[in-house]
Amino acid sequence: MLLLLGGCSFLSDAQDTITYVNEATDYLAAATDFASDAPALAQQAIGDIQAAEDLQAMLENMQQTVEAFNELQAPDIAAELHQQIIEQNSVIVAEIETYLNNFKDGLLDPAILENTELFQSVQDITSIIDQIQQLGGE
């Protein structure tokens, strides 16, 4: 009986790990798209109201995505990596807030573009999520 219960626990842990790896992979895709698309849109948002509105929406969406990922319960095997992502995500959320607070008259303040830490922080998550994907055998 104990072996059966232990086997069920193992299967549950494996399923939790696979689910988490899939969530992390989805998060990586969203973060990669953001890091790819946002810098050019930020450049346009300096002089184009529509681009500025699109950038604000993109920033708010990424902020929600980050916060949702932080709420995930990581399996024990990925707990340390998840904590690293949460720490990196705190930098991303702070940088997003900085961007969101630097819109004037509907346009992005050009001085904010000197701050590239936001996009670098998003890219830094890639290596951590690569490690998580290895946990899932992908």
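- Nearest heavy-atom pair across Leu113 and Ala42 is CD2-CB, 3.6 Å.
- When the shell of 6.0 Å around CG of Asn101 is examined, it contains more than 12 heavy atoms from other residues, nucleotides or ligands.
- Distance check: Glu97 CD to Ile92 CD1 gives 13.0 Å after rounding to the nearest 0.5 Å.
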Exercise. Report the C-alpha distance between Leu100 and Gln63 in whole Å, list the side-chain angles of each, state the deciding distance to 0.1 Å, and finish with yes or no for side chain to side chain contact (heavy atoms under 4.5 Å, CB included).
Key: CA-CA 11 Å; Leu100 289 172; Gln63 187 173 30; 3.9 Å; yes

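- Annotation: the span from Met62 atom CE to Asp33 atom CG amounts to 9.5 Å, rounded to 0.5 Å.
- To the nearest 0.5 Å, atom CD of residue Glu80 and atom CD of residue Gln131 are 9.0 Å apart.
- Of the possible polar contacts, none joining the Ser36 side chain to the Thr32 backbone as a donor-acceptor pair under 3.5 Å is found.
- Closest heavy-atom contact between Ala30 and Thr65: CB-CG2, 4.1 Å.
- Ring pair Phe69/Tyr27 is parallel by interplanar angle, where below 30° counts as parallel and above 60° as perpendicular.
- To the nearest 0.5 angstrom, Gln73 atom CD is 13.0 Å from Thr19 atom OG1.
- For Asp37, there are no salt bridge (charged side-chain N to carboxylate O under 4.0 Å, His left out) partners, not counting sequence neighbours.
- Closest approach of Ala52 and Gly106 over heavy atoms only: CB-O, 2.9 Å.
- Leu55 places a side-chain heavy atom less than 4.5 Å from the side chain of Phe103.
- Evaluated for a side-chain contact (heavy atoms from CB on, under 4.5 Å) with Val66, the options Ile85, Asn89, Ile125, Asn61 yield exactly one hit, Asn89.
- The CG atom of Leu107 lies 12.5 Å from the CG atom of Asn102; values are rounded to the nearest 0.5 Å.
- Separating the CD1 atom in Ile112 from the NZ atom in Lys104 is a distance of 10.0 Å, to the nearest 0.5 Å.
- Inter-residue side-chain proximity for Asp54 and Asp48 is flagged as unmet; no heavy-atom pair is nearer than 4.5 Å.
- When the side chains of ILVMFWY residues are joined at heavy-atom separations under 4.5 Å, either directly or via intervening members, Ile86 and Val122 end up in two distinct hydrophobic clusters.
- Val91 and Leu81 fall into different hydrophobic clusters, where Ile, Leu, Val, Met, Phe, Trp and Tyr residues are linked whenever their side-chain heavy atoms come under 4.5 Å apart, directly or through other members.
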